[in-house]
There are 2 protein chains.
Amino acid sequence: MRNESKRRQSGCPIAFGLDTFGDRWSLLIVREIMLRGNKTYSEFLAAEEGISTNILIDRLKHLETEGIVEKNRDPDNRRSFVYSLTQKGRDLAPIILEIILWSGAHDHRPSALRDVLKKIENDREGFEAGLRAG
Amino acid sequence: MRNESKRRQSGCPIAFGLDTFGDRWSLLIVREIMLRGNKTYSEFLAAEEGISTNILIDRLKHLETEGIVEKNRDPDNRRSFVYSLTQKGRDLAPIILEIILWSGAHDHRPSALRDVLKKIENDREGFEAGLRAG
DNA sequence: CTATTAACTTGCAAAATGCAAGGTATAATC
DNA sequence: GATTATACCTTGCATTTTGCAAGTTAATAG
C-alpha cells in the first residue's frame with residue numbers, strides 16, 4: 001500500500017494532489033461513486049476496467065485514510081459495506097469534470113462516450129451540482 | 001516505459017485521462033512548463049521533488065508520444081533541447097487549476113504554499129489565461 | 001585539447017501491480 | 001440446521017515499474 005512516507009514535502013499543491021489521487025485507479029473509484037451511484041466493493045470490482053481485488057482494497061483503504069471516502073455498514077444488509085464520498089471527496093467534482101472535458105476534446109477514438117459530454121456542454125453548472133450531490 | 005497496450009478500452013473519458021497523465025510525475029512536468037517557465041531536461045531534473053533521470057526521460061517520451069509536449073532544439077544552444085506544450089498540453093490548464101484549488105482547500109500543512117491560491121481567488125480567469133499562454 | 005555541461009543510458013535492488021486462488025463472515029435456500 | 005451463495009477481503013507469486021547510482025555521448029567553453 002502506498003504509505004504516507006511517500007508524500008512529497010515540496011509544498012506544491014499539484015504534488016499534494018498527485019500524492020493523494022495520482023495513480024491509475026483512485027479517481028476511477030471516485031467516478032464509480034460520483035457518476036454511477038455505485039458504492040460497494042463488489043460494484044467497484046465489476047467496473048469495466050477490471051481492477052484486481054488487492055489493488056481495489058488498497059486504494060479504498062488509501063482513500064479512506066486520506067479522508068476522501070468513508071466506509072459504513074449497509075443498514076439493510078449486514079454483510080455489505082457502503083463507501084461514500086466525504087466533503088473532501090465531493091470537492092473532487094471539478095477536477096473530474098475538467099478531465100472529462102479534456103478527454104472529450106482529445107480522445108478521438110470512436111469508442112469514446114459522447115453522451116456525458118453533451119450533457120455537460122448543455123448545462124455545466126447543473127452537471128457539476130449533480131456530481132457533488134452524489 | 002508505459003506502453004500504449006496499457007491503455008484501457010472502456011471508452012470512459014476519466015480512464016482516458018488517467019491513461020495519459022495519471023501517475024505521480026507527468027503533471028509535475030506539465031507544471032514546470034506551465035507555471036514555472038522551465039523547459040529543459042536539466043531544469044525538470046532540478047525540480048524540488050527530485051525525479052530520477054530514467055523516470056524523467058520516460059515521462060517526457062510518453063508525453064511527447066501522447067502529443068502533450070513537443071521537443072525541439074534550442075536555437076541558441078545546440079546541445080540543449082526545449083520542451084513546450086502543445087495545444088493539447090495547454091488544455092490541461094483547467095485540470096491543473098482545479099487540482100491547485102482542491103489542494104488549497106484540503107492541504108492543511110503549514111508548508112502549503114498559499115500565494116498562488118490568493119492569486120487564483122483574486123482573478124481566476126486571468127490566472128487560467130496566463131497558464132494557457134505559458 | 002581539456003574540462004564542463006546537457007541529455008541521456010544502463011544496471012540492479014526495491015516496491016508496486018496484476019492474476020489466481022484461498023479464507024471468513026453473513027445471509028438465503030433446502 | 002445443513003448447504004449453498006454472496007460480500008469482502010487476504011495471500012502467494014510472477015511481472016512490471018520505480019528509484020538510485022554510475023556511466024556514456026555530444027556540444028561548448030576556456
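In what follows, chains carry the letters A, B, and so on, assigned in the order in which the sequence lines appear, proteins first and then strands, with residues in each chain numbered from 1.
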| said: Should the side chain of Arg79(A) and the base of dA7(D) be counted as holding a donor-acceptor pair, with the cut-off at 3.5 Å? | reply: no

| field | Interatomic distance where CD belongs to Glu64(B) and P belongs to dA7(C) [whole Å] | value | 14 Å

| query | Leu56(A) has an atom CG; how far is it from atom P of dA7(D), in whole Å? | reply | 14 Å

| 4.5 Å side-chain heavy-atom contact, Leu28(B) and Arg8(A) | yes

| Between Lys61(B) and dT9(C), is there a side-chain N or O to OP1/OP2 distance below 4.0 Å? | yes

| request: Using atom CG of Asp74(A) as one end and atom P of dT6(D) as the other, report the distance to the nearest whole Å. | output: 17 Å

| remark: Between CG of Asp23(B) and P of dT17(D) the distance, given in whole Å, is 12 Å

| Expressed in angstrom and rounded to an integer, what is the separation of Ile57(A) atom CD1 from dG18(C) atom P? | 16 Å

| Quick one: which of dC8(C), dC8(D), dT16(D) gets closest to the side chain of Lys6(B)? | dT16(D)

| query | Given atom CD1 of Ile55(B) and atom C1' of dA15(C), what is their separation to the nearest angstrom? | reply | 12 Å

| request: Measure from the ring center of Phe21(B) to the ring center of Trp102(A) and say whether it is less than 6.0 Å. | output: yes

| said: Taking the six-membered ring of Phe81(A) as reference, does the cationic atom of Lys71(A) (NZ for Lys, CZ for Arg) lie under 6.0 Å from its centre and within 45° of its axis? | reply: yes

| task | Please lay out, stage by stage, how Glu70(B) and Thr86(B) fare under the test side-chain hydrogen bond (donor to acceptor under 3.5 Å, both in side chains). | result | CA-CA 7 Å; Glu70(B) 56 183 27; Thr86(B) 61; over 6 Å; no

| task | Check the side chains of Arg73(A) and Ser80(A) for a donor-acceptor pair under 3.5 angstrom, ignoring hydrogens and angles. | result | no

| task | Would you kindly give the CD-to-P distance between Glu43(B) and dC8(C), to the nearest whole Å? | result | 13 Å

| task | From the options dG19(D), dA7(C), dC9(D), select the nucleotide whose nearest atom is closest to the side chain of Phe81(B). | result | dA7(C)

| Which residue lies toward the 5' end of DNA chain C, Arg73(A) or Gly50(A), if each is placed at its nearest nucleotide? | Gly50(A)

| field | Selection from dA21(C), dT26(C), dT10(C) that lies nearest to any side-chain heavy atom of Arg78(A) | value | dT26(C)

| message | Taking atom types as they are modelled, would you say the side chain of Ser42(B) forms a donor-acceptor pair with the base of dT5(C) within the 3.5 Å cutoff? | response | no

| message | By nearest heavy atom, map Ser52(A) and Lys71(B) onto DNA chain C; which one lands nearer the 5' end? | response | Lys71(B)

| remark: Contacts of Ser80(A) and Asn54(A) projected onto DNA chain D by closest heavy atom; the upstream (5') one is Ser80(A)

| task | Could you tell me whether Phe44(B) contacts a base, only the sugar-phosphate backbone, or nothing, with contacts defined as non-hydrogen atoms closer than 4.0 Å? | result | nothing

| Per Trp25(A) side chain, nearest of listed nucleotides dT10(D), dT9(C), dG18(C) | dG18(C)

| field | For atom CG of Asp58(A) and atom C1' of dA15(C), their distance in whole Å | value | 12 Å

